[in-house]
Structures are given as C-alpha cells and as structure tokens.
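Working notes for the structure below.
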Amino acid sequence: MKVKMLTIVKYVFVMIFVIVVSFMYYLSKPIYTPKVLYIPKGSINKIITQLQSKNYDVCKIDSFVLRLLGSPQSGWINLQTTTNTKADFLYKLTKSKAALQNVTLIPGETSYIFLNQLANNLDLNRKKLQYEFERQSPISEGIFVPDTYKLPVGITEKELIRVLLKISEKKMKELSRKFFGNYNAKKWFQYIVIASIIQKESANTKEMPLVSSVIHNRLRRGMKLQMDGTLNYGRYSHIKVTAKRIKNDITTYNTYKHRGLPSTPVCNVSVDAIKAAIFPQKTNYLYFMKSKQGMHDFACNYSTHLRNIRRATK
C-alpha cells in the first residue's frame with residue numbers, strides 16, 4: 001500500500017514538475033511585436049482576440065496569466081523593445097503606458113508641413129514618413145483631418161501613418177454620410193479640392209461660402225480660377241506667390257495657367273471649408289480682392305473689381 005501511495009505521489013510530483021517547467025518554458029518564449037502597441041478597452045478575452053487578429057503569438061494561456069497579473073492598460077503601450085519574453089510582454093501590458101505627444105494639424109496646412117511636424121515632435125525619420133505616406137495614402141494631399149492628435153512617443157513611421165489615415169478616413173466617411181447619406185470617395189474628394197482652395201483663400205469662416213460661390217461661378221462659366229492660394233501647395237504652403245512662380249509653375253495647382261480645379265487638394269481642410277464647398281452662397285460674384293482691413297471685397301464685374309484693387313493698393 002505504501003509503495004502504491006509513493007508511486008502515486010511520485011507520479012503527481014512529476015506531472016506538476018512537467019507542468020511547471022512547461023509553463024516556465026512557455027513564458028520564456030520570445031514574442032515579436034512593435035515597440036508601441038494600441039490596446040483597446042474591453043475584457044481580457046477581447047484584448048487577446050484583438051492581438052491574435054494582428055498575428056501576434058498569444059493564446060488562451062495568456063488570458064489566464066493576465067488574470068493573475070491584473071488588468072491590461074488600455075490605449076498606447078510602450079513595450080520598450082520589439083522582442084520580449086511572454087512573461088515580460090504580459091507584465092508590460094498591465095504596467096506600461098506610452099508617453100503621448102500632442103501634434104496639431106491646423107486647417108489649411110499641407111501634408112508636407114504636417115509630416116515635418118510629426119518628424120520633429122516624435123523624433124521620427126522624415127524620409128520614412130514620406131515613403132509610408134506615399135505608399136499608404138490614396139491621394140497625395142488633403143487626406144488628413146485637421147485636429148490635435150495625441151500620439152505615442154516610440155511609434156514607428158509605418159504605424160503612425162496607418163493610424164492617422166484610419167482616423168481621418170473614419171471622420172471623412174461620417175461627414176460624407178451626414179451631408180450626402182453615403183460615401184463616394186471620388187465625389188467626396190472633388191469637394192475636398194474645392195474646400196482646400198476655400199481654406200487657402202478665405203480670411204475667416206464667415207467668408208467661406210462667398211469664396212465658394214466665386215469658385216463655383218467661375219467654373220460654370222469656364223473661367224480660370226486664377227487664385228494665388230492654389231500655388232501654396234506642399235512645401236510652398238507659407239511662401240508668397242510671385243509673378244515668377246505663376247510664370248514657371250507647370251503643375252495643375254497653377255490656376256492662372258490651367259482651367260478647372262487642381263487634380264488634388266491644395267491642403268488639409270476644416271469642416272467649415274467642406275460645408276462651404278458643398279453649400280456655396282448664391283451670388284453672382286466672380287472676383288474678390290483683399291482689403292486693407294484683411295477681409296475681401298467681392299465683385300460681380302471686372303470694373304468693380306478693378307476699383308477694389310485700386311482702393312486696396314492706395
């Protein structure tokens with residue numbers, strides 16, 4: 001009887017030993033992830049499922065370990081390295097939090113300048129940001145929604161562009177469904193092109209529907225837009241438009257040379273500019289001139305426009 005009991009105890013001990021060693025071996029296995037991860041709010045099972053959907057090597061065992069360690073943090077998690085043991089990875093999920101940096105994209109700013117901001121504020125490689133933007137973005141300009149973004153320090157260039165595009169696409173689809181009841185990308189970005197010109201040309205939001213009316217009226221008549229703001233694209237966002245630029249610039253942004261709209265937006269735009277592009281004020285205006293007070297004087301005919309020019313340049 002004693003021999004039998006000893007055998008059972010020995011067997012149980014061996015089984016426990018094998019389980020413990022296997023468990024320790026499992027926790028010592030490496031897991032490969034980006035240095036910075038986004039963890040959604042929700043149950044541990046939901047978090048594990050989300051990590052699995054991104055092809056990270058996690059399973060039910062990790063759910064059990066997390067329940068022992070505590071609840072995972074939600075939001076951006078900085079794991080410090082791209083390779084961790086399973087034990088370190090699960091521990092960091094419950095204890096680590098990424099430092100966040102505010103980066104503001106103001107309405108009317110170009111993506112070129114915004115990428116400069118991102119590189120400087122988050123200590124990222126500017127060339128890699130440009131490469132990822134060109135690779136991931138469906139259009140070369142006007143794709144971002146102006147806002148203040150709370151972005152994690154340590155995020156990769158690839159992931160950052162993916163996140164920003166995802167946030168912007170979601171907001172644009174919501175706006176399109178609000179205005180039109182659906183989302184048609186080609187139709188939507190035609191209005192974004194118009195909105196970007198309105199954004200560059202208007203002195204304030206109150207003027208936007210009036211500037212929009214001039215654009216729509218000139219387009220209907222087949223007139224060239226002839227607007228300086230369209231030449232403030234890309235790296236030229238804050239550079240004064242000169243006669244030399246107008247003469248030498250051969251892009252579709254040069255509305256002094258080309259009829260119709262530029263092929264892509266001039267800049268990233270506000271909701272007010274989008275509204276104005278879709279709902280222009282009904283006027284007969286064809287011209288506008290910046291006054292000494294910083295606002296614009298609008299005119300229906302060229303003679304009145306010339307008078308406004310003389311008054312502004314006295």
Residues Lys247 and Thr242: side-chain donor-acceptor under 3.5 angstrom: no
Side-chain touch Ile44/Arg67, heavy atoms, less than 4.5 angstrom: yes
Gln101 versus Asn121, closest heavy-atom pair with distance: CG-O, 3.9 Å
Beyond-backbone contact of Phe298 with Val214, side-chain heavy atoms, under 4.5 angstrom: yes
Shortest non-hydrogen contact from Ala195 toward Ala277: N-CB, 3.7 Å
Gln281-Ser212 side chain donor-acceptor pair, cut-off 3.5 Å: no
Atom CD1 of Ile239 with >12 non-hydrogen neighbours under 6.0 angstrom: yes
From CA spacing to verdict: side-chain hydrogen bond (donor to acceptor under 3.5 Å, both in side chains), Thr85, Ser28: CA-CA 5 Å; Thr85 64; Ser28 68; over 6 Å; no
Flag for Thr255-Thr230: side-chain donor and acceptor within less than 3.5 Å: yes
Minimum side-chain heavy-atom gap Asn217-Thr283 below 4.5 Å: yes
Any side-chain heavy-atom pair of Glu132 and Leu129 under 4.5 Å: no
Other ILVMFWY residues reachable from Tyr287 by side-chain steps of under 4.5 Å: Met223, Leu286, Met289, Tyr302, Leu306, Ile309
Which atom of Ser63 lies closest to which atom of Ile48, heavy atoms considered: OG-CG1, 3.2 Å
Pairwise salt bridge (Lys or Arg N to Asp or Glu O under 4.0 Å) hits with a residue in residues 293-303, at least two apart: Asp297-Arg311
Criterion side-chain hydrogen bond (donor to acceptor under 3.5 Å, both in side chains) on Glu134 and Ser140, from CA distance to verdict: CA-CA 7 Å; Glu134 291 174 2; Ser140 60; over 6 Å; no
Any pair counted as salt bridge (Lys or Arg N to Asp or Glu O under 4.0 Å), so long as it reaches residues 218-231, sequence neighbours left out: none
Residues Arg126 and Asn116: side-chain donor-acceptor under 3.5 angstrom: yes
Heavy-atom closest contact (Glu141 atom, Thr110 atom, distance): OE1-CB, 3.5 Å
side-chain contact (heavy atoms from CB on, under 4.5 Å) between Thr148 and Val103, worked out: CA-CA 6 Å; Thr148 294; Val103 182; over 6 Å; no
Pairs where residues 80-104 contributes a residue and the test ring pair (Phe, Tyr, Trp, His ring centres under 6.0 Å) is met, not counting sequence neighbours: none
Lys95 atom NZ, neighbour heavy-atom count above 12 within 6.0 Å: no
Short N-O contact, Glu159 and Arg162, less than 4.0 angstrom: yes
Partner set under side chain to side chain contact (heavy atoms under 4.5 Å, CB included) for Tyr32, not counting sequence neighbours: Pro30, Thr83
Sub-6.0 Å ring centroid separation between Phe133 and Phe114: no
Met227 CE to Lys200 NZ distance, which is reported to the nearest 0.5 Å: 14.5 Å
Flag side-chain contact, heavy atom, 4.5 Å: Ile39 against Gln73: no
Heavy-atom side-chain contact between Asp272 and Gln199 under 4.5 Å: no
Pair Lys97-Asn78, side-chain donor/acceptor within less than 3.5 Å: no
Check: Thr251 and Tyr233 side chains under 4.5 Å, non-hydrogen atoms: yes
pair Asn84-Lys92: side-chain heavy atoms closer than 4.5 Å: yes
Result of checking Thr264, Asn268, Val269 against Ser196 for side chain to side chain contact (heavy atoms under 4.5 Å, CB included): Val269
For the student: nearest non-hydrogen atoms of Ile31 and Asp57, plus distance: CD1-O, 3.6 Å
Carboxylate-amine/guanidinium contact Glu174 Lys178, below 4.0 Å: no
Spatial distance of atom CD1 (Ile278) from atom CG (Leu175) [nearest 0.5 Å]: 8.0 Å
Residue pair Leu90 / Leu66: nearest heavy atoms and the distance that separates them: O-CD2, 3.7 Å
Hydrophobic cluster partners of Ile113 (side-chain heavy atoms under 4.5 Å): Tyr112
Pair Ser303, Asn301: side-chain N/O donor-acceptor within cut-off below 3.5 Å: yes
Separation between CD of Gln136 and OH of Tyr131, rounded to the nearest 0.5 Å: 9.5 Å
From Asn232 atom CG to Glu201 atom CD, the distance as rounded to the nearest 0.5 Å: 8.5 Å
